[in-house]
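Below, read A as the first sequence line, B as the second, and so on, with proteins coming before strands; counting in each chain starts at 1.
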There are 2 protein chains.
Amino acid sequence: LVTTSTDRPGPDAALAAIRPGIRDLPKSGILEIVDYARDRDDVMPLWFGEGDLPTPRFICDGATRAMSEGHTFYTWQRGIPPLRDALADYLSNLHAQPVEVDRITVTTSGMAAIMMTLTALLDPGAGIAVVSPVWPNIYAAADIAGAKITPVPASREPGGVWTLDVDTLFATCDADSSIRAIFINSPCNPTGWVCPAAEIERILEYSRRRGIWIIADEVYARLTFDLQTGEPAATAPSFLDIATSDDLLIVINTFSKNWCMTGWRIGWMVTPPSLGPTLEKLVQFSTSGTAPFLQYGALTALTEGEHFFQEMLARCAKARRAVIETLGPLAAVDLSVPAGAFYGFFRVEGELDSMSLAKRLIDETGVGLAPGVAFGPGGEGYLRLCFAGSPDYVAMALERLAKRL
Amino acid sequence: LVTTSTDRPGPDAALAAIRPGIRDLPKSGILEIVDYARDRDDVMPLWFGEGDLPTPRFICDGATRAMSEGHTFYTWQRGIPPLRDALADYLSNLHAQPVEVDRITVTTSGMAAIMMTLTALLDPGAGIAVVSPVWPNIYAAADIAGAKITPVPASREPGGVWTLDVDTLFATCDADSSIRAIFINSPCNPTGWVCPAAEIERILEYSRRRGIWIIADEVYARLTFDLQTGEPAATAPSFLDIATSDDLLIVINTFSKNWCMTGWRIGWMVTPPSLGPTLEKLVQFSTSGTAPFLQYGALTALTEGEHFFQEMLARCAKARRAVIETLGPLAAVDLSVPAGAFYGFFRVEGELDSMSLAKRLIDETGVGLAPGVAFGPGGEGYLRLCFAGSPDYVAMALERLAKRL
């Protein structure tokens, strides 16, 4: 080697040579609490957004069969035709009007769909209004895209449910002409809020009037519960119920939650058909497609997975009931009863620092919850408990919590 | 719905509302020729960079086994520990010095590794020097990152092999202080050029002196051939042979080529260990990890796949020989004998427009080749033929070509 040892870079040289905005991306507040608990082997983790069931066998078999049939080559960038067709059928049955196949793009996770969406829509310096609190990745993804984030906090009265004041949302967008998109997650992780149909109509009307994009994260659309009975309820109101195919609307979804496929990293997006060629290129240059045999597994989930989904949903409803029955009566606990998604989001009297409280609950109860501060403005002071796991397991964790709270 | 039909957007409204730079990303020149041939069912396609063997059964079984063991949940963002350990062992055996596990990140394709690399290194407006001709995706990925691309053309004399004048590379970087990174693909797709060890040393020394990043695409490192005998040769010289772990070096690789896993979308990158926490976040916000059961399949490829790889390599060597023996003697053909990768890259006397020639060859021979213009400066006038397929199939396509050329 021609260089001498004195030329060699020091251990921090590389870190100093990357983009500061990327180097300084905030660490997820959820991972901070996970790290805190890493040395304890008795923790009951309810901090992530996934259940405890592995992917059901028949879905795995769909992927295995496709592998053995040789579906292991480069594939269609927007997804294999049978999966796109099946998604169009599935969504058309789910919503109030048809969803055409040319609007559908399969993606390597819902997260990848969000990242591609931001890349396609937001120039560096453009703004995005984010209805918050909301799952943290959207903030970081917007940071990476160089976008300017304007949170629009939802709100709630003690003892009540979350609501979004859409006039505040519109006023926020009106006040900043750089805002090019609204990100809205309904049913909402972590609050359980479900945006009513009337407000979806008003937001779409606003989008049309102002030429602002709607990015609708509808991952939990089918995980809804009747607020009176606690039983599974109908699909949440969706922008797909009323939008035309050419509206400035991108709907994000995933196979992760409905069919216990979090590890598979497959999602999809519904967009105006005119964006198809652009998305084909964005897929090409981000992951160059999603494994075709995984897509056959996803196809099996869609075509044979309804019974499994209904069982999973009933299980969530049972665990949700345990959350409400255990935490609801506690004097110190203020729980917002969730209409959708699979999270209990609550605060504890006198506790304003959610990270500190989450750490103390690790120490004192061994139950792992996600601190509300991780979910952006409006989240501080709350804790998020995922009830997608076994109802018995969730009930056991709740008992531990109840003794302390 | 409160809006009237006159409010509804027209069919091009959405396309008009995305970022012009993204909307206008160039379409791959390879896909243009594929589209041209779409209606013909007798085309012998040698235009993509993949062979005709599906992923071998034992690798698929590794993934299936992991699925049935329940490895279907969210996973480590930088890759499952056993795969990262196995990659460290594999690379340490392959190169002249050890590669430590804290330098390794598993990614959802080599493409995703490149995109994350550009996101981490290049502010919008920063420059990247790209040794060309080279596979087209790097140009588009740099476009998406908002980077300014400066091609540094390799060159060749008629009848000769490709060479890179590293002094020209350095002068190019010296002349533009915005250049933050050099992208170098050796062995090179499409030219078959293998960067000699002495030049790798000089480039590393330059990187140290100037604080410029090296992004080394070493996907074809093990697909090399002895220029005299045509037999498989040793691993190509690699930056990993000589760099310290803290050099400004990112090496990109993939499981796609060595083990016929193009459809799996799994790759890896080797970086300074100080970048680990940043990469963990970039993975989180781009795809949130790679399916763990796929990673177990990749682990099987590494630990049990050497015999298969050697067979695949011998097959490539045989098909490469057919390329040289058939095209080499043709008076009108000027073929650069490839030292690495699995492509024949050649030009035809009097033919300056590679897209036009590729289309005529579709019409007249039914053989599908990639036009050189797709590979950036220096590529125009050439055609790329992939010889990763069955030697008999490649030989049949070559016979068709030889009759016409």
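- The candidate from A/Gly146, A/Gly110, A/Ala17 with the greatest count of non-hydrogen atom pairs under 4.5 Å with chain B is A/Ala17.
- Among the candidates B/Ile266, B/Thr119, B/Asp52, the residue making the largest number of heavy-atom pairs closer than 4.5 Å to chain A is B/Thr119.
- For A/Ile18, the parts lying under 4.5 angstrom from a heavy atom of chain B are both the backbone and the side chain.
- For B/Ser288, the parts sitting under 4.5 Å from any heavy atom of chain A are the backbone and the side chain alike.
- Contacts of B/Leu122 with chain A are made by backbone atoms alone, with heavy-atom separations under 4.5 Å and no side-chain atom involved.
- Put simply, of A/Met67, A/Met115, A/Glu50, the one with the most heavy-atom pairs under 4.5 Å next to chain B is A/Glu50.
- Residue with the most contacts toward chain A among B/Ala112, B/Ala14, B/Pro277: B/Ala14 (heavy-atom pairs, distance under 4.5 Å).
- Side-chain N or O atoms of A/Lys257 include one that pairs as donor or acceptor with a backbone N or O of A/Gly49 at under 3.5 Å.
- The contact between A/Thr278 and chain B is made entirely by side chain atoms (from C-beta outward), counting heavy-atom distances below 4.5 Å.
- Counting heavy atoms from C-beta outward, A/Val283 and A/Met116 have side chains that approach closer than 4.5 Å.
- Inter-residue side-chain proximity for B/Leu118 and B/Ile215 is flagged as met; some heavy-atom pair is nearer than 4.5 Å.
- Under the 4.5 Å side-chain criterion, counting only non-hydrogen atoms from C-beta, A/Leu294 is in contact with B/Leu294.
- Rounded to the nearest 0.5 Å, atoms CZ (A/Phe239) and CD1 (A/Ile214) are 4.5 Å apart.
- Using a 4.5 Å cut-off on side-chain heavy atoms (C-beta onward), A/Ile200 and A/Asp241 make no contact.
- Note: B/Thr72 leads B/Ile22, B/Thr72, B/Leu275 in heavy-atom pairs under 4.5 Å with chain A.
- Contact annotation for B/Arg19: both backbone and side-chain heavy atoms come within less than 4.5 Å of a heavy atom of chain A.
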(request) Please report the C-alpha distance between B/Thr262 and B/Ser256 in whole Å, then the side-chain angles of each, then the deciding distance to 0.1 Å, and finally whether the side-chain hydrogen bond (donor to acceptor under 3.5 Å, both in side chains) criterion is met. (result) CA-CA 4 Å; B/Thr262 48; B/Ser256 289; 5.8 Å; no

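- Interface remark: of the candidates A/Leu31, A/Thr75, A/Asp247, A/Asp247 forms the most heavy-atom pairs closer than 4.5 Å to chain B.
- Considering only heavy-atom pairs separated by less than 4.5 Å from chain A, the leading option among B/Thr290, B/Asp24, B/Leu282, B/Thr271 is B/Leu282.
- At distances below 3.5 Å, not a single donor-acceptor pair connects side-chain atoms of B/Arg208 with backbone N or O atoms of A/Pro9.
- A/Gln97 places no side-chain N or O within donor-acceptor distance of the main-chain N or O of A/Thr244, the cut-off being under 3.5 Å.
- Taking A/Glu280, A/His71, A/Lys281 one by one and counting their heavy-atom pairs under 4.5 Å with chain B, the maximum is reached by A/Lys281.
- Considering only heavy atoms from C-beta on, A/Ile114 stays 4.5 Å or farther from A/Ile250 through its side chain.
- When the candidates B/Pro273, B/Pro272, B/Gly70, B/Ser286 are compared by the number of heavy-atom contacts under 4.5 Å with chain A, B/Ser286 comes out ahead.
- For A/Asp61, no part sits under 4.5 Å from any heavy atom of chain B, backbone or side chain.
- Heavy-atom distances place both the backbone and the side chain of B/Leu25 under 4.5 Å from chain A.
- Contacts of B/Arg65 classified as side-chain hydrogen bond (donor to acceptor under 3.5 Å, both in side chains), with partners at least two apart in sequence or in another chain: none.
- Ranked by heavy-atom pairs under 4.5 Å with chain B, the list A/Ser109, A/Cys60, A/Ala120 is led by A/Ala120.
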(request) Could you please spell out the steps behind the salt bridge (charged side-chain N to carboxylate O under 4.0 Å, His left out) verdict for A/Arg180 and A/Asp123? (result) CA-CA 9 Å; A/Arg180 305 278 302 119; A/Asp123 281 301; over 6 Å; no

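- Salt bridge present: A/Glu100 and A/Arg103 bring a charged side-chain N and a carboxylate O closer than 4.0 Å.
- Residues of residues 135-143 of chain B that come closer than 4.5 Å to chain A, counting heavy atoms only, are B/Asn137, B/Ala140, ordered by residue number.
- Nearest approach of B/Thr117 to B/Met269, heavy atoms of both residues: OG1-CE, 3.2 Å.
- Looking at B/Arg209, there are no atoms closer than 4.5 Å to chain A (heavy atoms on both sides), in backbone or side chain.
- For A/Pro26, the part sitting under 4.5 Å from any heavy atom of chain B is the backbone (N, CA, C, O) and nothing else.
- Between A/Ile59 and A/Phe255, the closest side-chain pair of non-hydrogen atoms is not below 4.5 Å.
- Between A/Trp264 and A/Ala63, the shortest heavy-atom contact is CH2-CB, 3.8 Å.
- Interface remark: A/Thr55 contributes backbone and side-chain atoms alike to the contact with chain B (heavy atom separation under 4.5 Å).
- Of the atoms belonging to B/Ser274, heavy atoms from both backbone and side chain fall under 4.5 Å from chain A.
- For the set A/Arg23, A/Arg57, A/Arg265, the entry with the most heavy-atom pairs within less than 4.5 Å of chain B is A/Arg265.
- Within the 4.5 angstrom heavy-atom criterion, only backbone atoms of B/Leu53 (N, CA, C, O) approach chain A.
- A salt bridge between B/Arg8 and A/Asp246 is absent, with no side-chain N of the basic residue lying under 4.0 Å from a carboxylate O of the acidic one.
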